[in-house]
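Just follow the structure's listing: the first ligand is 1, and inside any ligand the first atom is 1. Side chains are part of it too, since the values below use all heavy atoms of this structure and drop only hydrogens, waters and symmetry mates. Keep in mind the model is a prediction, meaning the values are calculated, not measured.
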Amino acid sequence: MATETNKFQAIISHCKEYGFIFPSSEIYDGLAAVYDYGQWGSELKKNIREYWWKSMTQLQDNIVGIDAAIFMHPTTWKASGHVDNFNDPMIDNKDSKKRYRVDHLIEGYAEKLKADGNTQKADELIAAMEALQSADDFAGLKKLIEEYKISCAVSGTCNWTDVRQFNLMFATEFGSTASSEDGDNKVYLRPETAQGIFVNFLNVQKTGRMKIPFGIAQVGKAFRNEIVARQFIFRMREFEQMEMQFFVRPGTEGEWYEYWKETRMKWHLSLGIPKEHYRFHDHVKLAHYAKAACDIEYEFPIGFKEVEGIHSRGDFDLSQHQQYSKKKMQYFDSETNQNYIPYVIETSIGLDRTVMMVLSEAYVEEDLSTPEKQDSRVVLKFPAKLAPIKLAILPLTKKDGLPEIGRSIMEECRSRFRCFYEEKDAIGKRYRRMDALGTPFCITIDHQTKEDNTVTIRYRDSMKQERIAINQIREIVENHIS
Ligand code: GAP
């Protein structure tokens with residue numbers, strides 16, 4: 001049985017063994033902090049993406065979705081502030097040459113203090129760090145590391161360089177001509193999807209005749225050259241974001257910020273995750289664009305960590321784009337008869353982090369031992385709507401016409417939801433494999449099926465089995481996944 005501390009490792013191994021997530025280009029020993037989704041991971045990820053998309057567009061009166069390109073005009077990133085400000089303070093250990101993100105180094109030490117019972121000291125350390133961060137006091141951060149004698153995990157020494165800023169954007173060359181000296185072929189891989197929304201604000205507002213307040217949503221890849229990239233799909237260099245920018249009348253941003261905090265938390269709870277596993281964390285050190293910001297944190301096996309950010313961005317982005325592009329970014333409000341640049345509330349959630357959260361919540365190791373027999377199972381208790389496979393169709397034997405019945409059930413159901421057909425191996429083994437993939441329903445076709453058109457349905461979480469008519473199968477599954 002995995003303890004909380006090694007549950008994270010157990011999930012990583014499980015993901016690899018059962019076709020959820022593989023290290024990228026693994027035959028070449030992988031690429032740090034880049035991962036590929038396998039056959040079941042990509043289904044899970046797609047289901048989460050679609051669930052978010054539907055709840056943030058289709059089920060809203062005033063939010064539409066777009067799909068902007070990853071490459072954007074380089075000036076976008078000058079205007080957005082990412083060229084000048086999208087930095088992480090880093091520090092190197094001179095003996096091991098290992099580089100650390102300053103906040104990770106300090107937070108790691110605070111965790112250690114807490115584990116040793118020094119909660120007050122840990123809290124003081126974090127408060128001091130946050131104060132120095134918000135003042136951009138890098139010398140102070142170094143002093144703090146030295147004061148607490150925080151050492152490198154590799155060399156064990158406190159021989160640190162100064163704290164330096166490191167820009168997280170990936171750059172590449174555009175077109176076939178050699179790069180000019182002033183670097184005007186340089187383009188960036190977008191570090192957030194949000195800017196694709198901002199630069200299309202007027203296109204969407206005008207063509208969609210959108211009236212404020214309204215939102216634009218987008219799902220897509222983002223890229224960050226994370227220095228300390230570890231913790232599986234929690235911190236990746238290529239990842240997917242699901243973002244929504246909500247444009248509001250200036251002066252109303254406070255109430256919309258609260259509205260979206262609450263609405264997004266409700267969405268999280270609708271995943272069947274109990275509220276004790278979530279908490280809000282208000283930012284002290286605000287990103288360069290933010291006027292107020294908080295994170296929704298989930299309690300991963302590695303502790304409470306950010307899954308989603310909710311940011312009150314003011315008119316920072318649209319004003320910057322207006323200034324740099326010299327194109328008006330104003331909206332005419334027919335109710336107030338005024339032109340203004342709208343304010344923005346952003347909800348920004350990482351798709352991969354949500355996959356990690358759903359996996360962490362679903363992964364259970366159950367001891368099923370009886371006095372007669374030792375037994376256990378690993379089961380992924382996904383909400384049925386997110387499960388990669390909804391229904392497994394399992395003929396008890398490979399003969400006597402049972403596979404034919406199974407195939408006909410498969411034909412009836414496969415256009416409605418993802419089914420999986422399997423006739424190999426003992427039934428108990430097949431059930432366990434489906435538990436490990438998180439399949440909420442298995443049906444078994446046996447000899448009685450031929451007599452009375454009934455099958456056994458087995459429920460993943462309770463392992464309860466009951467006899468149902470073949471013509472009830474589709475309805476039962478659809479009721480659970482709708
Ligand atoms: N547009 C605002 C923005 O990008 P952020 O807090 O930097 O804000 C939003 O990122 C979300 O994107 C995070 O809450 C996280 O879920 C996800 N995210 C950010 N960096 C990530 C990374 N390196 N790997 C995986 N997910 C990441």
For Phe247 against Ile212, the heavy-atom pair lying closest together: O-CG1, 3.7 Å
Specify the protein heavy atom at minimum distance from atom 9 (C) of ligand 1: its residue, its atom name, and the distance to 0.1 Å. Ser348 OG, 2.9 Å
What's the shortest distance from atom 14 (O) of ligand 1 to any protein heavy atom, and which residue and atom give it? Glu306 OE2, 2.6 Å
At their closest point, which heavy atom of Cys152 faces which heavy atom of Lys98, and how far apart are they? SG-CB, 4.4 Å
Please say whether Val307 places an N or O atom under 3.5 Å from an N or O atom belonging to ligand 1. yes
Nearest heavy-atom approach of Arg249 to Thr252 is O-OG1, 2.6 Å
Can you find an N or O of Ile233 that's nearer than 3.5 Å to an N or O of ligand 1? no
Within the structure, does Met236 bring an N/O atom to less than 3.5 angstrom of an N/O atom in ligand 1? yes
Check ligand 1 against Arg313 and write out every atom of the ligand that is under 4.0 Å from a heavy-atom position of the residue. 1 (N), 2 (C)
As an exercise, identify every atom of ligand 1 less than 4.0 angstrom from a heavy atom of Glu192. 1 (N), 2 (C), 3 (C), 4 (O)
Any Asp352 heavy atom less than 4.0 Å from ligand 1: no
Nearest protein heavy atom with distance in Å, relative to atom 18 (N) of ligand 1: Phe239 CE1, 3.5 Å
Show me which atoms of ligand 1 lie under 4.0 Å from any heavy atom of Glu346. 1 (N), 2 (C)
Measure the distance from atom 17 (C) of ligand 1 to every protein heavy atom, then report the residue, atom name and distance (to 0.1 Å) of the closest one. Gly350 CA, 3.6 Å
Return yes if a side-chain donor-acceptor contact under 3.5 Å exists between Ser270 and Tyr51, otherwise no. yes
Might you point out which heavy atoms bring Glu346 and Glu192 nearest each other, and give the distance in Å? OE2-OE1, 4.5 Å
For the pair Asp295 and Arg279, find out whether any cationic side-chain nitrogen is under 4.0 Å from an anionic carboxylate oxygen. no
If you compare Glu243, Met357, Arg353 by their heavy atoms, the one closest to atom 15 (C) of ligand 1 turns out to be Arg353
If you draw the axis of the six-membered ring of Phe22, does the NZ or CZ of Lys16 fall within 45° of it and under 6.0 Å from the ring centre? no
Any donor-acceptor N or O pair under 3.5 Å, side chains Ser348, Glu243: yes
Looking at Trp260, I'd like to know if the NZ or CZ of Arg264 sits under 6.0 Å from its six-membered ring centre while staying within 45 degrees of the ring's axis. no
Value rounded to 0.5 Å, distance of CG in Asp92 from CZ in Arg99: 4.0 Å
Under 3.5 Å between some N or O of ligand 1 and some N or O of His311? no
For atom 20 (N) of ligand 1, state which one of Glu308, Arg224, His82 supplies the nearest heavy atom. Arg224
In terms of atom number and element, which parts of ligand 1 are under 4.0 angstrom from non-hydrogen atoms of Phe234? 24 (N), 25 (C), 26 (N)
